[in-house]
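Within every chain, numbering begins at 1; the chains are lettered A, B, ... in the order of the sequence lines, protein sequences first and strands thereafter. This structure is a prediction, so every number in the text was calculated from the model and none was measured. The figures here come from the full heavy-atom set of this structure, side chains too, leaving out hydrogens, waters and symmetry mates.
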Amino acid sequence: MDHRQVSTGEGLDRRLAVARLMEQCADVMVIAGLGSPGYDLFAAGDRDLNFYLWGAMGGAAAMGLGLALAQPKRAVLVLTGDGEQLMGIGALATIGVQKPKNLTIVVLDNGRYGETGMQRSHTALGVSLTGVAAACGFDWTVDITEERAIGPLAARLKAMQGCGLACIRVKADEVPRALPARDGSHLKNRFRAALGLTTI
Amino acid sequence: MTAWQDQLFDVLKKNRIRQVAYVPDAGHARLIERAGLDPDMRAVVLTTEEEGVALVCGAWLGGDRAVLLMQSSGVGNCVNMFSLLSNCRFPFLALITMRGEWAEFNPWQVPMAKATPSVLESMGIGVYRVSEAKDVADTVQAAAELVFGSDQSAAVLLSQRLIGRKVWTTGK
C-alpha cells in the first residue's frame, strides 16, 4: 500500500460517511473522539452504545482498547479525527502489541483541526496514520476515498478478524454541530446498562 | 511471610482485576511479571501513562476491572486525561512507585516526586501512601474497595524507601 498520500482536505461528506457506516453497525460499541466525530456519530442517531468524549484528547483509541479487551466477542469501533489520533499516536503502538481482533479505529481525516479554526494537521503535511498503524503491527489498514468502500469497511469491522485502522478522507468543511449529551457519568451508566452491567 | 510484591498481586487477584496496564518500573517488576503469566489477566504495556488512564476507563465501560501501574514521573504525563475520572466518575486505581525522594541519585526524578501527591489531589484523586512492607496489602485492599465499591479514583504511592535505593554503578 502507498502510505505517502496526504490529506488534501478533499473527500467524502463526513456526515454521509458516518451515517453509511453506522446504518450497518447497529450492535457495534462506539467510542467517539472529541469534536466533529462525536457530532457526526450523534447526527447518525444517538444510541446507548455510543460513548462520546468531550475532552481527554488522545484517549479514544486507548479507551477502545480497554473496552475491546473487556468485551472480546463484540465489535468495538473508535471513531475519531486525525488531530485526536495524532495526539494519541502512541496508543497505536500499544494496540499493535495487543492486537484485539474486535477493535477497529476509523479516522475521519480532513487534515485539519476543525474545532479551532481549520489549522492543518500532520496528515495534511505528509504523515500517514494508516502507515503508522501498519508499522505498529495492525492486522489491516485501509485508506478510503470513495463512498462505496464504506459498506465493505462495516462488514470488515463486524467480522472481528483482526485489529484495523481505516482512514476516511473527508472534506474540510464546516458542518453544523449536532451536540450529544455532555454528562460523562450519564453516558457511562447508559452504556454499561445496555451491556447488562450494574451501575452504582 | 511472602514478599509485599506477591501480596500485592494477591490483592489484585482477590479484587478480580483483569487488565493491568503499565509503564515499567523496577518496583513493579514482580507484579508485571506475574500479571503477564496469569491466564485471567491481561498485562498491557503502554507507551505513555496517559494511555493507561483511558484504557482503565474503557475496560470499566466493558465490565472489566483494571489497574494502572507507573512511577511518579508518569503522573505528570496523565493530567488532562485524569479529567475522564471526575467527568464520568470512572473507578480508577493506580499503584505508583515513587522515585526522587529517598536517597535519589538522579535529580531529574525529584521535581515530579515533589509534585506527585498534589497533582493527583488537584485532579480529584485520593492519595494513600505506603512506606512499610507490612502495610502494602491492607492499604491497596482498602483503596480497591473504595474505588470499586464507591466509583472513586485512588492512587497508592509506594515510597521509594519501601522499594529500596536504585543502585548506580558506573564504568569508572
Applying side chain to side chain contact (heavy atoms under 4.5 Å, CB included), run through Leu53(A) and Leu84(B) and close with a yes or a no. CA-CA 9 Å; Leu53(A) 289 160; Leu84(B) 272 170; 3.5 Å; yes

What distance do Arg192(A) atom CZ and Trp60(B) atom CH2 have between them, rounded to the nearest 0.5 Å? 4.0 Å

Counting only non-hydrogen atoms closer than 4.5 Å, does Ile89(A) touch chain B with its backbone (N, CA, C, O), its side chain (CB onward), both, or neither? neither

Heavy-atom contact with chain B under 4.5 Å, split by part of Leu69(A): both

If you define the side chain from C-beta out and look only at heavy atoms, does anything of Asp151(B) sit under 4.5 Å from Lys188(A)? yes

Measure the spacing between CE of Met29(A) and CG of Leu61(B) and express it to the nearest 0.5 Å. 9.0 Å

Got a second to check how far Ser83(B)'s OG is from Met57(A)'s CE, nearest 0.5 Å? 12.5 Å

So does Ala62(A) get a backbone contact from the side chain of Glu51(B), meaning a donor-acceptor N/O pair under 3.5 Å? no

When rounded to the nearest 0.5 angstrom, what distance separates CG in Asn87(B) from CZ in Arg182(A)? 11.0 Å

Do NZ/NE/NH1/NH2 and the carboxylate oxygens of Arg89(B) and Asp183(A) come within less than 4.0 Å? no

Relative to chain B, which segment of Ile95(A) carries a heavy atom at a distance below 4.5 Å: side chain, backbone, both, or neither? neither

Under 4.5 Å from any heavy atom of chain A, what part of Thr48(B) do you find: side chain, backbone, both or neither? neither

To the nearest 0.5 Å, what is the distance between CZ (Phe51(A)) and SG (Cys57(B))? 7.5 Å

Quick one: does any side-chain atom of Arg42(B) pair with a main-chain N or O of Gln98(A) as donor and acceptor, under 3.5 Å? yes

Closest-packed option against chain B by number of heavy-atom pairs under 4.5 Å, given Ala56(A), Gly88(A), Gly196(A): Ala56(A)

